[in-house]
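First the proteins, then the strands, lettered A, B, ... as listed; each starts at 1. What you see below is based on every heavy atom in this structure, not just the backbone, and it leaves out hydrogens, waters and symmetry mates.
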Amino acid sequence: MQISRDIATGTVLIVAGAAMFVGARGFMLPAGLDYGAGFFPKIVSCGMAVSGLLILVGELRSRSSEPLTIVWRALRRIAALIGMIVLYGLAFDPIGFHISTVALLFAVTLFFGGSIAAAAILSVSATLMLHVCFYSVMKVALPWGLLLPFAW
Amino acid sequence: MDILISLSDPALLLTIVVCTLYGSLIGALPGLSATMAVALLVPFTFYMDPVQAITAIVATTSTAIFAGDISGALLRIPGTPASAAYVADSATIAHNGRPRTVLFVDLFTSAAGGIIGVIVLSLATPMLARFATNFSSYEMFWLAALGLSCAVFVAGASPPKTFASLFIGLAIACVGIDVAVGMPRYTFGFYDLFDGVDFISAMIGFFALTELFRAAVERDGIGKAVLPTVVEPVRRAIADGWKISCAHWKHVLRSSPVGVIIGVLPGAGSDVAAWVTYALSRKLSKTPEKYGNGHMEGIIDAGSSNNAAVAGAWTPALVFGIPGDSVTAIAIGVLMMKGLAPGPDIFERSGDVVYTLFGAFLLSNVIMVFTGGIAILLASQLLRMPRRLLMPLILGLSLIGGFAVMNSVFSIWIIIALGVLGYLMILGGIPIAPAILGVVLGKTLEQNFMTSMIKSQGEFLPFFSRDISMVLGVATILIWGLCLLQGVRTIISPGPASKNEENPT
């Protein structure tokens, strides 16, 4: 059975709204007040669930949105890109900005169809440009990691 | 005469030129805001005289707000939050082969908005400041609520989807320490989330990462092309840009004063000014259906007002020492450091400095036309770059830009999380722009709502007890009522899906 895009969207919003509401109920009230940290999130969660409900009802009445189709190849490519960024995030502090950025840019250039030579030139030159722009000019504390003995 | 001599000082002119170039660079880089540009400038102001220091801040801010449009149009990634409102329009026009034209329109109208802002600032500073101080938490709450209503007019999607996006943005704004009682919410034990979701990282995730995901899919021939490929000749772009700007002078004239007034209000600023005027523009337009699909009107209205708001924010800063936005908060510090304590008597105490500052504001907006033009020409060369090389550059710039704001790897996790969320929203036909508005206004809305509730001991009637709050409250409720009605109508008699739902931004 195929589900339509709007039915999936509406359902996800209702579930997310409900989860947020349950989370908001866990925020304790301060002494002497009838409303606390959970008051505003409860309003927001109700709004989210109601929006989801309206999308769902609208779709059930009109049946106008296209069916939800999962293109596995597209999903794999996005997952691969996310994987590269996650690895970059994990390596950023211990290995350092320079090595991890060169590696990320090299991999992403190949991912988008660049040649090995282009990937090598771009990753090194872009990392140097980012170093000058953010580290040297703007004084952002980019970690040196393994290259700390060579820091300049 | 003394003021003219001060303004013609070569050192001051050089400061303006250098700072407008610097502002163009920072503003055009995704993830780096005008506030950050000014914060980075502060150490240099130690070595400048007071006028030069304040001029540097003014020149940087004005240009950075404009330059945010450059990456917005060329890469569909707003350089500063103030450009987020009309990024769909400017990117669509750029995509249709007129990237330089839309940027020159932006540049000319931004400069005009900035100049109108300075004129209003110099004529009405004390009056505007008095008006701003009449705003209590009730008025600020209604103003934020009214600002959120703009989402309905900004997005082209159906009302339920627009509201869904808005509530997603508000939910993101709920993360962090609660403003009323100081309890951590939805932080899952991560200390980095105690301060809330960083807005710049959120914007990078929502705009930059979703764009990369689209490009990744497109690489396989599954999606559509995401970047413009045609660049028009410079002369034609300048001539067309000038012609279009002149043809829409009424839009600049009506939106710039609105931008100044919004800029004057503490906590509001260029971002809110852009959203409100874009929504107003769409509401007043004869062709509202074109908004979001590459229409110049919204860009001109919002682009001129966000630069006018830069001037407006200086009003309460100079007269009361109340910052209109984060840039003026830093500027107040610089003013005090230079022995110019803001206050109602600043015109008597340091009249020369203040009027020289106004003159510098004016000059910055004029010089911005030239330096901004250079920035457009340099940045549009990016489009000649093959996409397989451009995409990695955007990714590197976005990740390091996000890191620079938080100084923590946690920004990368926020970017990934919101990038995935943004992409899912696009797949679900939910527009992204209202979510950004929710993130921008969420904290202000909640803070003023909770303060008002505590003041009124849980009663809603005091929300309408003051003149301005009553007007704002009734206007907001009327707009909400109309939106609700429209939403119910959409469900009762569903029409064809909106064009924007095919490619929501």
Rounded to the nearest 0.5 Å, what separates atom [atom1] in [X] from atom [atom2] in [Y]?
{"X": "B/Lys161", "Y": "A/Ile55", "atom1": "NZ", "atom2": "CD1", "value": "6.0 Å"}
{"X": "A/Cys133", "Y": "B/Leu397", "atom1": "SG", "atom2": "CG", "value": "7.5 Å"}
{"X": "B/Cys174", "Y": "A/Ile43", "atom1": "SG", "atom2": "CD1", "value": "9.5 Å"}
{"X": "B/Leu395", "Y": "A/Phe111", "atom1": "CG", "atom2": "CZ", "value": "10.5 Å"}

At a 4.5 Å cut-off on heavy atoms, which part of [X] comes close to chain B: side chain, backbone, both, or neither?
{"X": "A/Val140", "result": "side chain"}
{"X": "A/Val86", "result": "both"}
{"X": "A/Leu13", "result": "side chain"}
{"X": "A/Phe27", "result": "both"}
{"X": "A/Phe106", "result": "neither"}
{"X": "A/Ala8", "result": "neither"}
{"X": "A/Thr9", "result": "side chain"}
{"X": "A/Ala107", "result": "neither"}
{"X": "A/Leu60", "result": "neither"}
{"X": "A/Leu142", "result": "both"}
{"X": "A/Leu122", "result": "side chain"}

Do other residues, nucleotides or ligands put more than 12 heavy atoms under 6.0 Å from B/Phe190 CZ?
->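 No, because the 6.0 Å sphere around CZ of B/Phe190 holds 12 heavy atoms or fewer from other groups.
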Exceeds 12 heavy-atom contacts within 6.0 angstrom, atom CG of A/Leu148 |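 Counting other residues, nucleotides and ligands, CG of A/Leu148 exceeds 12 neighbours.
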With chain A as the partner, which of [options] has the greatest number of non-hydrogen pairs under 4.5 Å?
{"options": "B/Gly396, B/Ser411, B/Gly442, B/Gly438", "result": "B/Gly396"}
{"options": "B/Leu393, B/Leu389, B/Ile168", "result": "B/Leu389"}
{"options": "B/Val409, B/Ile412, B/Leu445, B/Ile454", "result": "B/Val409"}

Under the 3.5 angstrom rule, does the side chain of [X] hit a backbone N or O of [Y] as a donor-acceptor pair?
{"X": "B/Tyr186", "Y": "A/Met20", "result": "yes"}
{"X": "B/Arg185", "Y": "A/Gly38", "result": "no"}
{"X": "A/Arg77", "Y": "B/Val217", "result": "no"}

Between A/Phe134 and B/Phe403, ring centroids under 6.0 Å =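 Ring centres of B/Phe403 and A/Phe134 not closer than 6.0 Å.
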Picking from A/Gly26, A/Gly89, A/Ser45, which has the most non-hydrogen pairs under 4.5 angstrom with chain B?
->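 Option with the top pair count is A/Gly89.
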A/Pro41, A/Gly52, A/Gly17: which one forms the most heavy-atom pairs within less than 4.5 Å of chain B?
->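 Most heavy-atom pairs under 4.5 Å with chain B: A/Pro41.
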Contact class of [X] relative to chain A, heavy atoms under 4.5 angstrom:
{"X": "B/Leu170", "result": "both"}
{"X": "B/Ile415", "result": "neither"}
{"X": "B/Phe213", "result": "both"}
{"X": "B/Leu399", "result": "side chain"}
{"X": "B/Leu424", "result": "neither"}

Atom of [X], atom of [Y] and distance for their closest heavy-atom approach:
{"X": "B/Phe167", "Y": "A/Ser51", "result": "CD1-OG, 3.6 Å"}
{"X": "B/Ala171", "Y": "A/Val44", "result": "N-CG1, 3.6 Å"}
{"X": "B/Ala216", "Y": "A/Leu81", "result": "CB-CD2, 4.2 Å"}
{"X": "B/Met450", "Y": "A/Gly36", "result": "CE-O, 3.5 Å"}

Could you check whether any side-chain heavy atom of [X] comes within less than 4.5 Å of a side-chain heavy atom of [Y], counting everything from C-beta outward?
{"X": "B/Ile400", "Y": "A/Tyr135", "value": "no"}
{"X": "A/Ile85", "Y": "B/Leu209", "value": "yes"}
{"X": "A/Phe39", "Y": "B/Met453", "value": "yes"}

